[in-house]
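Just so we're clear, the structure is a prediction, and the values are computed from it rather than from any experiment.
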Amino acid sequence: MNTSGIGAKAYLFAKGKMQYQQLMLTRGFQSSCEPKLHFGLDSLHSIDSILIVWPDQKYQVIKNFATNKNVIVKQIEASGHFNYDDFFPKKENLWQDITSTVDCKWKHIEDDFLDFNVQNLIPHQLSTRGPKIAVGDVNKDGLDDFFACGAKEHPGCLMIQTKDGKFIQSDTAIFNKAALSEDVDAVFFDANNDSYPDLFVVSGGNEYDAGNPNLADRLYMNDGKGHFTLAENALPQILTNKSCVSVADIDKDGDMDLFIGGLADAKKYGLPQSSYLLINDGKGNFKQADQTIIKLNELGMVTTSSFVDVNNDGWMDLIATGEWMPLKVFINNKGTFTLRDINQSTGLWQTIYCADMNGDGFPDILAGNWGRNSKLNANKDSPLKLYIKDFDNNGTVEQIIAYTVNGKEYPFLGKDQLELSLPILKKEHLSYDEVAGKTLQYMFGELFAGYTELKAETLSSSWFINDGKGNFTREDLPAELQLAPIFSFASWAVGNEINYVAAGNFYGVLPYEGRYDAMNPTLFNYDKRLGQFVTLSEFSSIDGECRDAKWINAGGRKKVLIVARNNKQLIFLKPAP
């Protein structure tokens, strides 16, 4: 009765590549399409083979036929029973999921705050960026421990590793006191030069207005036995929404200093925020560096940072970037910094990872962006724009996203969505046909003036190649790494070869944009023969919104990768032997 072959699968093989489709006619509510499968084959003149699998699991293989013609297949000509593994043998896993063996009880729990209830027109939520992980051997037993950042009302957690590879929670009474703060990043480092790792926790989130005491960062001092107490009056009070922390001895005075990235004002998304460099006195007391050392006022909406010596002069330089920002490289001139923006690099950057990837002796940059699997689109000639202003003079700042086509700008959101925050537009244009196909400038008329303008010239996750002098050239990462925003990179060694893991996804967007859930953590590496990155495999069993991936030492030469996901339990992966 199935005369159209609905449900049949087709695997097409040509020149070492495969395309796959299944015949399904429904695409949405009350919609359908013709009962044909169409394969785009570019300039190829012939196909190696097509494997057809029918709904009753009988199959047939058709070989060596020409392109640019219809091929009719008949179920009566199929035979046997299709076994997927016969045609597509499973690849040997490079990892083993040991989550159940580790039996870590901590789970990230996201609070129910919805950013869009406060700022209707922001492109996405900012309060769901956790959890981040900090790794360190706090009790010096040779086993790495970790701190997991908690969301508002759910405190962060210090987990101590036992000899049998399990984790026990520690110092809960200390960390529970900060339950109302949202932990957005953390790092273990020796703050007071006693050789024991102390813990710095960055507070942020988009729930609190600037000035709220729950936005205060925290420094916890290690007593030498792996237990912590809160250091009083060791930090300047920075009561703003922040995003990240990086550590380095920037002035070579023998102690570790801190860079803290400022994210966004809870009611004024888009307006550039200040970041901060905190100088250590060697005893764990910090003061903010002034403008003579580094200029960080209104740096932008920073999401990520890293200290790295980009020019191999022995001094740690700073790289910082974020949303609607270029990558900013601060060159360290023996304790003071000069800024270099990387040209045509503005994007919606979420994470960076620095390492020498092409083997030339200089650190390059992996940078996670928003990806290309999106309704949003950007390039240097047609950038994505963000306009920020109190357009209707009611005391509330609005954000208007616009895309560019043939040099003209159009609003990303429709009339009805914009009018939720800007009812004044109803008076200007009563019907949809008045603004259909019209530019942003036409729609807003005289309101469109006196704004702050930001742009994103690329949404591609990228790598930046260092020329050895601290100058960088951008190239796109492979298409498999463009399926969703990337929030974390980590290395992955296989023998003598260094690979990398990219992890991401993001759900906190408006329904019109559609959530980003298409990317499992993916393994890739740099192919020196090809001079480019290639993907190897994906961690298909790990779903959700991945926010961090960190290695821990599990004793001897054993390493375990912790993958932290928003609103889910942690995943523990062990490299396959």
Q. Given I388 and L386, is the side chain to side chain contact (heavy atoms under 4.5 Å, CB included) satisfied, shown in steps?
A. CA-CA 7 Å; I388 309 108; L386 181 70; 3.9 Å; yes

Q) Counting N and O atoms only, with roles assigned by atom type, does the side chain of S488 sit under 3.5 Å from a partner on the main chain of A549, one being a donor and the other an acceptor? A) yes

Q: Check each of F167, W551, W106, W95 against F572 using the ring-ring contact (aromatic ring centres under 6.0 Å, His included) test, and report the only one that passes.
A: F167

Q: Specify the closest pair of heavy atoms between S374 and E513, including all atoms of both residues, with the distance to one decimal.
A: OG-OE2, 4.3 Å

**Q.** Salt bridge flag under 4.0 Å for residues R565 and D548
**A.** no

Q. Do F146 and L570 have side chains that get closer than 4.5 Å, going by heavy atoms?
A. yes

Q. When you measure from the side chain of Q161 to the backbone N and O of N553, does any donor-acceptor pair fall under 3.5 Å?
A. yes

Q: Would you check if the distance from the ring center of F533 to the ring center of F524 is below 6.0 Å?
A: yes

(Q) Distance alone, cut at 3.5 Å: any donor-acceptor contact between the side chains of Q75 and D56? (A) yes

Q: Step through the shown structure and confirm whether more than 12 heavy atoms of other residues, nucleotides or ligands are within 6.0 Å of NZ on K375.
A: yes

Q. Ion pair present between D341 and K328, side-chain N to carboxylate O less than 4.0 angstrom?
A. yes

Q) Taking all atoms of both residues into account, what is the closest heavy-atom pair of L422 and L121, and its distance? A) CD1-CD1, 4.4 Å

Q: Taking all non-hydrogen atoms of both residues into account, name the closest pair between C244 and D185 and its distance.
A: CA-OD2, 3.4 Å

Q) Is the shortest distance from a Lys or Arg side-chain nitrogen in E453 or K455 to a carboxylate oxygen in the other one below 4.0 Å? A) no

Q. At what distance, to the nearest 0.5 angstrom, does NZ of K438 lie from CG of D433?
A. 10.0 Å

(Q) If the test is ring-ring contact (aromatic ring centres under 6.0 Å, His included), which one of Y20, Y11, F13, F82 qualifies with F87? (A) F82

Q) Yes or no on ring pair (Phe, Tyr, Trp, His ring centres under 6.0 Å) for Y500 and Y526, after CA distance, side-chain angles and deciding distance? A) CA-CA 9 Å; Y500 302 93; Y526 182 76; 9.3 Å; no

**Q.** F362 and V308: CA distance, side-chain angles, deciding distance, side chain to side chain contact (heavy atoms under 4.5 Å, CB included) verdict
**A.** CA-CA 10 Å; F362 297 97; V308 63; over 6 Å; no

Q) Rounded to the nearest 0.5 Å, what separation is found between the CG atom of L23 and the CD atom of E34? A) 10.0 Å

Q. Roughly how far, to the nearest 0.5 Å, is CD of E409 from CE of M443?
A. 14.5 Å

Q: Look only at the side chain of T321 and the backbone of P326, and say whether a donor-acceptor pair between them is shorter than 3.5 Å.
A: yes

Q. Taking the side chain from S462 and the backbone from S460, do they hold a donor-acceptor pair closer than 3.5 Å?
A. yes

Q | Heavy atoms from other residues, nucleotides or ligands near CD1 of I76 exceed 12 (cutoff 6.0 Å) | A | no

Q. More than 12 heavy atoms of other residues, nucleotides or ligands under 6.0 Å from NZ of K58: is that the case?
A. no

Q) Got a donor-acceptor contact below 3.5 angstrom from the E434 side chain to the L430 backbone? A) yes

(Q) Could you check whether any side-chain heavy atom of P383 comes within less than 4.5 Å of a side-chain heavy atom of T404, counting everything from C-beta outward? (A) yes

Q) Within a strict 4.5 Å, meaning less than it, do heavy atoms of the H124 and L126 side chains meet? A) yes

Q. Going by heavy atoms in the side chains, are S4 and I6 under 4.5 Å from each other?
A. yes

Q.
Do M357 and N525 make a side-chain contact, defined as non-hydrogen atoms from C-beta onward lying under 4.5 Å apart?
A. no

Q: Starting at CZ of F39, measure out to CG of L44 and round the result to the nearest 0.5 Å.
A: 13.0 Å

Q. Do the side chains of I486 and Q350 get nearer than 4.5 Å, heavy atoms only?
A. no

Q) Donor-acceptor pair, T128 side chain versus G508 backbone, under 3.5 Å? A) no

**Q.** From CG (N369) to CZ (R474), nearest 0.5 Å
**A.** 8.0 Å

Q) Any donor and acceptor pair, going by atom type alone, linking the side chain of H108 with main-chain N or O of K568 inside 3.5 Å? A) no

Q: Could you note down all residue pairs passing salt bridge (Lys or Arg N to Asp or Glu O under 4.0 Å) where residues 353-373 supplies at least one of them, sequence neighbours left out?
A: R372-D476

Q: Verify, without hydrogens or angle tests, whether Q125 (side chain) and D115 (backbone) share a donor-acceptor contact under 3.5 angstrom.
A: yes

Q. In this structure, are over 12 heavy atoms from other groups packed under 6.0 Å from K166 atom NZ?
A. yes

Q.
Please report whether the ring centroid of F539 lies less than 6.0 Å from that of W492.
A. yes

Q.
Could you check whether Y269 and W324, counting side-chain N and O atoms only, form a donor-acceptor pair closer than 3.5 Å?
A. yes

**Q.** Closest non-hydrogen atom pair between L561 and A490, with its separation
**A.** CD1-CB, 4.2 Å

Q | F444 ring center near H429 ring center (under 6.0 Å) | A | no

Q. Does the pair L440 and Y387 meet the rule for a side chain to side chain contact (heavy atoms under 4.5 Å, CB included), with working shown?
A. CA-CA 10 Å; L440 183 70; Y387 294 98; 3.7 Å; yes

Q.
Main chain of G205, side chain of K152: is a donor-acceptor contact present, judged purely on distance under 3.5 Å?
A. no

Q. Are more than 12 heavy atoms from other residues, nucleotides or ligands located less than 6.0 Å from atom CG of D112?
A. no

Q: Answer yes if the side chains of D517 and N505 hold a donor-acceptor pair under 3.5 Å, and no otherwise.
A: no

Q. Are L41 and Q19 side-chain neighbours, meaning at least one heavy-atom pair lies under 4.5 Å?
A. yes

Q) Just one of W349, F472, Y353 clears the ring-ring contact (aromatic ring centres under 6.0 Å, His included) bar with F464, so which one? A) W349

Q. So among F506, W370, F487, which one has a ring-ring contact (aromatic ring centres under 6.0 Å, His included) with Y516?
A. W370

Q: Using atom types as modelled and distance alone, determine if a side-chain donor or acceptor of N373 lies under 3.5 Å from a backbone N or O of Q482.
A: no

Q) Quick one: does R129's side chain get under 4.5 Å of L263's, heavy atoms only? A) yes

Q: Could you please spell out the steps behind the side chain to side chain contact (heavy atoms under 4.5 Å, CB included) verdict for Y432 and D416?
A: CA-CA 9 Å; Y432 283 85; D416 52 346; 3.1 Å; yes

Q) Which pair of heavy atoms, one from A320 and one from V302, lies closest together, and at what distance? A) CB-CG1, 4.5 Å

(Q) Quick check for you: to the nearest 0.5 Å, what is the distance between M159 atom CE and I133 atom CD1? (A) 10.0 Å

